[in-house]
Chemist: 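The following block contains the structure, expressed as structure tokens.
Just the heavy atoms: all of them, side chains too, but no hydrogens, waters or symmetry mates, feed the values below.
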Amino acid sequence: QVQLVESGGGSVQAGGSLRLSCVASGTTWRANCMAWFRQAPGKEREGVAAIYTGGGSSGYANSVKGRFTISADRTKNTVFLQMSSLKPEDTATYYCAADFEGCSWNGVTLEAPFGYWGQGTQVTVSS
């Protein structure tokens, strides 16, 4: 059974940095693409960043461009999200997502129907 486990969340002041990690286990398949989503209280879930783990091509939401960097280690089925210059509006639960057979992300639209999801890690940014 595939499991995605996020880590690295926490509380930080505005302007600070955090690095999220997500490890996929329970499969011999390599993830073809992985992504980060977030959901703040009372708001809809939104795509933050996605990456093709083989080629490294990535995409970002406009709200995080220039501040967040997604990267992946395909051999370890792991995806990272380096978050810098954090703002209070970045406060949310961050979820990792992945596809192992094919890839639902088209390289453009972040709102893709990924097949596997983690349980989330909380990020709180105070002003």
Chemist: Sequence neighbours left out, cut at 3.5 Å: what donor-acceptor pairs do the side chains of residues 4-17 make with other protein atoms?
Modeler:
from, atom 1, to, atom 2, distance (Å)
Glu6, OE1, Gln119, N, 3.2
Glu6, OE1, Gly120, N, 2.9
Glu6, OE2, Cys96, N, 2.9
Glu6, OE2, Gly120, N, 3.1

Chemist: Does the side chain of Val2 reach to within under 4.5 Å of the side chain of Trp29, using non-hydrogen atoms?
Modeler: no
Chemist: What residues form a side-chain contact (heavy atoms from CB on, under 4.5 Å) with Leu110, not counting sequence neighbours?
Modeler: Ala50, Ala61, Trp105
Chemist: Should Tyr95 and Val125 be counted in the same cluster of Ile, Leu, Val, Met, Phe, Trp and Tyr side chains packed under 4.5 Å apart?
Modeler: no
Chemist: Going by heavy atoms in the side chains, are Leu86 and Phe68 under 4.5 Å from each other?
Modeler: yes
Chemist: Measure from the side-chain N and O atoms of Arg67 to the backbone N and O of Ser85, and report whether any donor-acceptor pair falls under 3.5 Å.
Modeler: yes
Chemist: For Val123, which of Thr91, Leu20, Thr93, Leu81 qualifies under side-chain contact (heavy atoms from CB on, under 4.5 Å)?
Modeler: Leu20
Chemist: Got a second to check how far Met34's CE is from Tyr116's OH, nearest 0.5 Å?
Modeler: 12.5 Å
Chemist: Honestly curious: do Phe37 and Leu18 fall in one hydrophobic cluster under the side-chain, below-4.5 Å linking rule?
Modeler: no
Chemist: How far does OG1 of Thr53 sit from CZ of Arg74, to the nearest 0.5 angstrom?
Modeler: 4.5 Å
Chemist: Quick one: pull up OG in Ser58 and CD1 in Ile70 and give me the separation to the nearest 0.5 Å.
Modeler: 7.0 Å
Chemist: With sequence neighbours left out, write down each residue that passes side chain to side chain donor-acceptor pair (under 3.5 Å) with Arg19, or none if nothing qualifies.
Modeler: none
Chemist: How far apart are the closest heavy atoms of Ser126 and Pro88, and which atoms are they?
Modeler: C-CG, 4.5 Å
Chemist: If only side-chain N and O atoms count, and only distance matters, is there a donor-acceptor pair under 3.5 Å linking Thr78 with Asp73?
Modeler: no
Chemist: Give me the atom names and distance for the closest heavy-atom approach of Gly107 to Tyr52.
Modeler: N-OH, 3.1 Å
Chemist: From Thr124 OG1 over to Asp90 CG, what is the distance, rounded to the nearest 0.5 angstrom?
Modeler: 11.0 Å
Chemist: Report yes if some heavy atom in the side chain of Val48 is under 4.5 Å from a heavy atom in the side chain of Tyr94; otherwise report no.
Modeler: yes
Chemist: What's the separation between atom OG in Ser71 and atom CZ in Phe80, rounded to the nearest 0.5 Å?
Modeler: 6.0 Å
Chemist: Quick check against the 3.5 Å criterion: does Asp99 have a side-chain atom that pairs as donor or acceptor with the backbone of Gly115?
Modeler: yes
Chemist: Output the distance between atom CZ (Arg38) and atom CD (Glu44), rounded to the nearest 0.5 Å.
Modeler: 14.0 Å
Chemist: What are the two closest heavy atoms between Asn106 and Thr109, and how far apart are they?
Modeler: OD1-N, 2.8 Å
Chemist: Taking Asn77 for the side chain and Arg30 for the main chain, is one N or O donor matched with an acceptor at less than 3.5 Å?
Modeler: no
